[in-house]
Structure formats: structure tokens, C-alpha cells
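A short worksheet on the structure shown next.
Residue numbering restarts at 1 for every chain, and letters A, B, ... go by the order of the sequence lines.
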Amino acid sequence: MTDAVVPTPPGASPPVANNFIRQIVVNDRAAGKHGGRVATRFPPEPNGYLHLGHAKSICLNFGIAREFSGTCALRFDDTNPAREDVEYVEAIKSDVRWLGFEWNELRHTSDYFEALYLCAEKLVHDGKAFVCDLSADAVRAYRGTLTEPGRNSPYRDRSVEENLDLFRRMRAGEFADGARTLRAKIDMASGNINMRDPAIYRIRKLSHQNTGDTWCIYPMYDYAHCVSDAVEGITHSLCTLEFEDHRPLYDWCLDQLDLPGDAALTEPLRRAGLRCTPSRPQQIEFSRGNLDYTVMSKRKLMALVSDHLVDGWDDPRMPTLAGVRRRGFPPAAIRAFWERVGVTKQNSVIACSVLEASVREDLDARAPRRMAVLDPIKLVITNLDAAHDETLAFANHPKNAELGTRNVPFSRGVWIERDDFAEVPPKGFHRLLPGGEVRLRGVGIVRCNNTIKNDDGSIRELHGTLDPETRHGMPGADRKVKGTIHWVSAKHAIAAEVRLYDRLFSVPNPDDDSDGKTYADHLNPHSKRVVTAWLEPALADTRAEENVQFERLGYFVADRHDHTRGKPVFNRSVTLRDSWAKG
RNA sequence: UGGGGCGUCGCCAAGCGGUAAGGCACGGGGUUUUGAUCCCCGCAUGCGCAGGUUCGAAUCCUGCCGCCCCAGCCA
């Protein structure tokens, strides 16, 4: 038996989750395609902030390149100056880097405008494209429907000379916006509407963020994207499912153009100093990554911001990368999350519990433990002197001694969590109750002797005694009690603003408007709650964006923007799993 | 009624003709000075449905059914 499964030897790199795209790449390399080279790209349009769905594509593209020692470019797909803005460019770059990836090259589709133009002239020369004078409405009318074929444009049979002349004059700015388009000459009867003589250039007399006023004609996505891929030497062009029926057009353009075989087309790039070895890329489509209890479309995210339903693009409740970053989700957790989810062609909605589990897994391993009380009630330990003041050493992590220890001051009066005490305990309650005992984390066992009330009957403070035999480190410390609660010395506590976040929507699929309601009707009114909490003093040293665990409560992060040493602000990233709350 | 995709556990997802991986969720138990973590155990005689081929089918064939995408001079 020599072909038994070989166990992964210790120290070996962890197995890479396989998927159909990775398999295609493996097969292509085995077959020697592209000389075994792998080149991918992440091509966002700079017209919005990146979100978790983009992160899936980023992880896939950069991940494939990394695994096969290939390259991955960041390309801004900026072919529509009407909707794009430099504002987004820097944000996108910063998000990609934060996620943990670095591009081999930074490009813009606009870097290729001259080559794109040359390519278009080639199509015209070859009788594969024509200038069409039809209005947008007329084009629509000629296009036919899903079930009926379209009709040829009356301008379809113009001579090459006339087309060339007209196209050059389009570029020269002789015609008004929308007056003419350059269209590929394919097949108006195709069952695939994308092949019904699609527009590849339109007139837009708009200043472009990169090229200024150099151009008044701009290439369309289908045309520009495949050419950009080829020009960059991309081998595997990964995109989402909705582009599946654009693939015939992608292939058609590249077949007509033959960029690898026609160096003149890319001469402008080399002249401009851009590395350029054209390839014949393959487009491969995968399904988008959707999450439940949120929305992921740019339009809806944009609306949440502009309607002030959230506090900006980086609101910690937003599924934007800026949002989850501010929420305190580590980039490694997001990468692990998409790795777990996998890559397929199935439409899917992933449970946010999978993301949360990834976040907890990452944070459990490395977040220092601290104590904080979010909803305080005072517990006075009456058998301690009023001046009692001692310093306790606490481990920063229960399993990783390398994280060291810290000092925690302890005194006669401590804050404990209001719901860690109950006058009439529910069944199974393991915490403090009148006459009952509970362990004060790292201190010892206290018994509650008195419940001091306000005039209105509410609890003002609790009085109890600490059993000295059970002090931490004493032989009696291992005495069993049902519960352990956290605390903060009242005398030493520092105040902080703590923002408690929950899911933004109260239904699993806010996109579903079949009942006449829209996503805005499903906003969770309790998605953000701000409290003033008491923290143990060590928390004053937390730096912005540092993750910590507030014991028994959850993982929190010092707010990236608002947190200062003098005025601490923490955001709750995710609660701890709580099997008690469930029951 | 056109074209392109997709259907494996509640949610993801392996599987590539040799008898259904894994994760999340869920349930049960153990350890625990976090009701956390960690560790066990359980969780599809079944792969959209119906036929067929085969010694053998989630994998191959045929026919149905269901869901998603496409009629921007957006990407």
C-alpha cells in the first residue's frame, strides 16, 4: 500500500482551498499555456468605496497570483468620466493595502486610451466597426428584444473611408455629445444582445480625472476591458457572473485585434514608458459574495451614506472595507473568511456568522484581555479598609504567556456589570445574587450581603464580603463557585465612550422588496448604542485600531479616528459567543 | 417564446464512474478563575425531479422542474 494519503507533515504550508478557477490555472500551467506565467488584475471603477464583495475578488486575484508566483495589477477602470472621481482612487488603494495585498503595477484604463483608439481604427479599417448616427433611443428601437432579433442600423454599410473620417472627427470634437457612436459590426440577430452591434466608443465632452481634456470620446467597458487585459499581459481575467454573456464579445474583440501579433497597436504605451507584452487572456466568471443582514450594492451603500442612515462610508456598521476596518475586523480575518467561503458559480448568500467566526478566531488568538464594565453597579466590599489599595498582576492572555502581564488595581469599591447581579435569579443563573457567592475575576470569592436601594426601589449599590481564604494564589482559591464575573476598581477606573454595534438590518435579505418594502424599511433601530463605560487603567495605553477583548463581553477596538488617550473611544467588533444567552 | 448560467445538510462547499470531505449554524458531553477558548460526540441510505446506461451513478445520457443574469451611448 504505497498510495495511501500522505498526512501533511508538521510545518508544511497549510492546504490551499481549491476551487474551479485555481484548477483552471493549475491545468493551464501544466499545459504550458502562457509559458506557465500567471497574471491577474483587480479592476475597480473609481466610483465608490470597496466593500466585502470586492474583498472576495481582491483575495482571489491577488491570492492566485501569489500562489503561482505570478503578478497582480491594480487597474482603475476609468472609462466614464461622468461617474468617476479621484476621491475614490486613494481610498481604494488604501483599502487594498490594508487587506494585505500589494500590486505589481498600478494602471488605469485611461493609460491605454491612445492604444484603444488605434485598436478602434484597426476595427474600422477591417470593416469590423462603423460610425452610427442613431440616437440612443433609436439604437434601442433597432436592438430588438430578448426574443426578437434586432435590425441593422441604416449606417451599418458606410464605407471604410467614411467611417474612418467620421471616427477621426468624433475624436476631434466635431460632433455633439451622444450624436454618434462607434459600433462593432457583429450580428443584430444574435440571441446574445451584447453581440448586436454594441457601441464601443461614445462622445462625452467631459474632462477626465487623468487625461483632462485630451479626449472627448471614451471607450465602453466591453471593448476597453478586454484590450486592457491583453495589454497588461493578463492571463486569467476573473470577473463576476453577470459578465458571462459578455465573454463572446470579449473574445470577439481580442480575436479581431490580435494584440500579441500587432505591435503597432501598443506602440504608444511603450513610447510612454509602460511595460507592455500583450497576451491573449481568458475571462473566467465566478459568483459575487453576498452576506445576509446587509446590502452590498454600491447604489444602496451610497444611499445609506447620503441619506444619513449611517455615519459615513466608514461607519462600523457598513460592509465597506473602511467600515469593517473601523469596526475592528482584522484583515487576516476577512481573508480567512473568503477562503472558507470558497469560489464557485453559484449565487449565494453567506451567513454573517461565518464572518464573525473568522473574526473571533483571529482575535481570540491575539487580542489582549482587559476588563471593562459597560453598565455599572457598585459593589462595596465591606471587610476591606476604606483605604485598601492593592495591585494585582493579570495575564494578558489565558493561553499565550508571550503576551505578558499587566497590573490591575483593586480596592474596596468595584464596578460590576448590572446584569451580573439578580435579586430574583432566573433558572441557571451563575452570577451574583443576595446571599450568594461569585468569584471576582483574579481576586477571590465574594458574598453579597446587602442590597442598598434608592427611594424608587432601584438598586444603588451592593455590599458584600470577600472570603480571604479564596484570594488568588491562596490554597483556598480553587474552591468551586458557579460563576466568575469581571470588575473594575471604582477608584481607579477611567471613563470611556463605548459604541455597541449590531447588524444594520433586521432581516436576512434586505434586498428583497417583493413585499413592497425596501431595504430602508428594514433598518435595525438598535444597530448602534453608545454608552459610557468604566475601564481598567491599562486600557488608557491602547493605541487607535488596537484590538482587545473586554472579558466576558466581546472584542473591541480603539476607534481609528476618535480614540485618544485622554478621551478613549472603543467600538465593539463582535460579542463573545454566549451559550447562556441563547438558552 | 431568445441567449447565458446554476441546482449536494438550515447557510457556504468538497466531490471529476468505486459507494457523500470540511467550515458555519444547531444539539449533547468534557476541561476552564471569561457561561469565552479548547477537546470529544451527533447532524444528507442522500446529491432538484423522472427515466436510462453501468457490476456500480452526485458524477455519463435523455426529458422535465426551479432559481439567477441579459434589451445603458454604465461597469
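The phosphate of B:rC67 has neither OP1 nor OP2 within less than 4.0 Å of any side-chain N or O from A:Gln346. A sub-4.0 Å separation between OP1 or OP2 of B:rC73 and a side-chain N or O of A:Arg143 is present. Dashed line: the shortest gap from a side-chain N or O of A:Arg140 to OP1 or OP2 of B:rC73 is not under 4.0 Å. Considering only side-chain N and O atoms, A:Ser190 lies nowhere under 4.0 angstrom from the phosphate OP1 or OP2 of B:rG2. For A:Ser353 and B:rA25, the shortest distance from a side-chain N or O to OP1 or OP2 is not below 4.0 Å.
Between the CD atom of A:Glu339 and the P atom of B:rG22 there is a distance of 18 Å, rounded to whole Å. The distance from atom CG of A:Asn18 to atom P of B:rC16 is 12 Å, rounded to the nearest whole Å. Counting to the nearest Å, the P atom of B:rC74 and the CZ atom of A:Arg299 are 18 Å from each other. At whole-Å resolution of the value, CG in A:Leu249 and P in B:rC73 are 12 Å apart. For the pair A:His472 NE2 and B:rU33 C1', the computed distance is 7 Å after rounding to whole Å. A straight line from OH of A:Tyr218 to P of B:rA75 spans 12 Å, rounded to a whole angstrom. When the P atom of B:rA75 is taken as reference, atom OH of A:Tyr49 falls 21 Å away, rounded to whole Å. Rounded to whole Å, atom C1' of B:rC68 lies 14 Å from atom CD of A:Glu285.
Along RNA chain B, the nucleotide nearest A:Glu242 and the nucleotide nearest A:Asn192 are compared for position; the residue whose nucleotide lies closer to the 5' end is A:Asn192. Residue order along RNA chain B, read from the 5' end via each residue's closest nucleotide, puts A:Asn194 first among A:Tyr221 and A:Asn194.
Side-chain polar atoms of A:Glu242 and A:Thr240 form a donor-acceptor pair below 3.5 angstrom. With hydrogens and angles left out, the side-chain atoms of A:Ser135 and A:Asp137 include no donor and acceptor closer than 3.5 Å. With hydrogens and angles left out, the side-chain atoms of A:Arg183 and A:Tyr155 include no donor and acceptor closer than 3.5 Å. With hydrogens and angles left out, the side-chain atoms of A:Asn347 and A:Ser287 include no donor and acceptor closer than 3.5 Å.
Among the protein residues, A:Thr145 comes within range of the nucleic acid bases, having at least one heavy atom under 4.0 Å from a base atom. Contacts of A:His486 with the nucleic acid, taken as non-hydrogen atoms under 4.0 Å apart, are absent. Among the protein residues, A:His246 comes within range of the nucleic acid bases, having at least one heavy atom under 4.0 Å from a base atom. Within 4.0 Å of A:Lys480, counting heavy atoms only, lie sugar-phosphate atoms of the nucleic acid but no base atom. Within 4.0 Å of A:Tyr201, counting heavy atoms only, lies no atom of the nucleic acid at all. Contact annotation for A:Val481: no contact, since no heavy-atom pair falls under 4.0 Å across all strands. Looking at heavy-atom distances under 4.0 Å, A:Ala477 makes contact with a base. A:Val343 comes within 4.0 angstrom of sugar-phosphate atoms only, judged by non-hydrogen atoms across all strands, and of no base. At the heavy-atom level, A:Arg83 lies under 4.0 Å from base atoms of the strands shown. Within the 4.0 angstrom heavy-atom criterion, only backbone atoms of the sugar-phosphate kind lie near A:Thr79; the bases stay farther away. Within 4.0 Å of A:Ser348, counting heavy atoms only, lie sugar-phosphate atoms of the nucleic acid but no base atom. Within 4.0 Å (heavy atoms only), A:Met195 reaches no atom of the nucleic acid at all.
Spacing of P atoms, B:rU19 relative to B:rA57, comes out at 12 Å, to the nearest Å. Comparing the C1' positions of B:rG48 and B:rA58 gives an interatomic distance of 12 Å, to the nearest angstrom. Nucleotides B:rG22 and B:rA13, compared at atom C1', are 8 Å apart to the nearest Å. The C1' atoms of B:rA44 and B:rU8 are separated by 8 Å, rounded to the nearest whole Å. Nucleotides B:rG46 and B:rC9 have their C1' atoms positioned 9 Å apart, rounded to a whole Å. Comparing the C1' positions of B:rU54 and B:rU62 gives an interatomic distance of 16 Å, to the nearest angstrom. With both ends at atom P, the span from B:rC16 to B:rC12 equals 22 Å, rounded to whole Å. Rounded to the nearest Å, the gap between the P atom of B:rC43 and that of B:rA21 is 11 Å.
Using the Watson-Crick or G-U wobble rule with both distances under 3.5 Å, B:rU32 pairs with nothing in any strand shown. Pairing partner, B:rC43: none, since no Watson-Crick or wobble contact has both distances short of 3.5 Å. Across all strands shown, the partner of B:rC49 is B:rG63, judged by Watson-Crick or G-U wobble contacts whose two distances both fall under 3.5 Å. Base pairing of B:rG2 is made with B:rC70, judged by Watson-Crick or G-U wobble geometry with both donor-acceptor distances under 3.5 Å.
Taking the O4'-C1'-N9-C4 or O4'-C1'-N1-C2 dihedral as appropriate, B:rG72 has a value within 90° of 0 and is therefore syn.
Atoms CG and CG, on A:Asp78 and A:Asn47 in that order, are 11.0 Å from each other to the nearest 0.5 Å.
Annotation: ring pair (Phe, Tyr, Trp, His ring centres under 6.0 Å) contacts of A:Tyr555 (sequence neighbours excluded): none.
Aromatic ring centres of A:His225 and A:Phe243: separated by at least 6.0 Å. Taking the centre of each ring, A:Phe76 and A:Tyr88 stay at or above the 6.0 Å mark. Centroid-to-centroid, the aromatic rings of A:Tyr250 and A:His246 stay 6.0 Å apart or farther. A ring-centre distance under 6.0 Å is not found for A:Phe130 and A:Phe167.
Distance from the side chain of A:Asp245 is smallest for B:rG4 among the nucleotides B:rG4, B:rC12, B:rU33.
Residue-to-nucleotide contacts include a donor-acceptor pair under 3.5 Å from the side chain of A:Gln23 to the base of B:rC16.
Using the six-membered ring where Trp is involved, A:Trp580 and A:His430 have ring planes that are parallel, under 30° apart on the 30 and 60° scheme.
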Annotated protein contacts, base or backbone, on nucleotides 34-43 of chain B with a non-hydrogen cut-off under 4.0 Å, one of B, S, - each: BBSBS-----

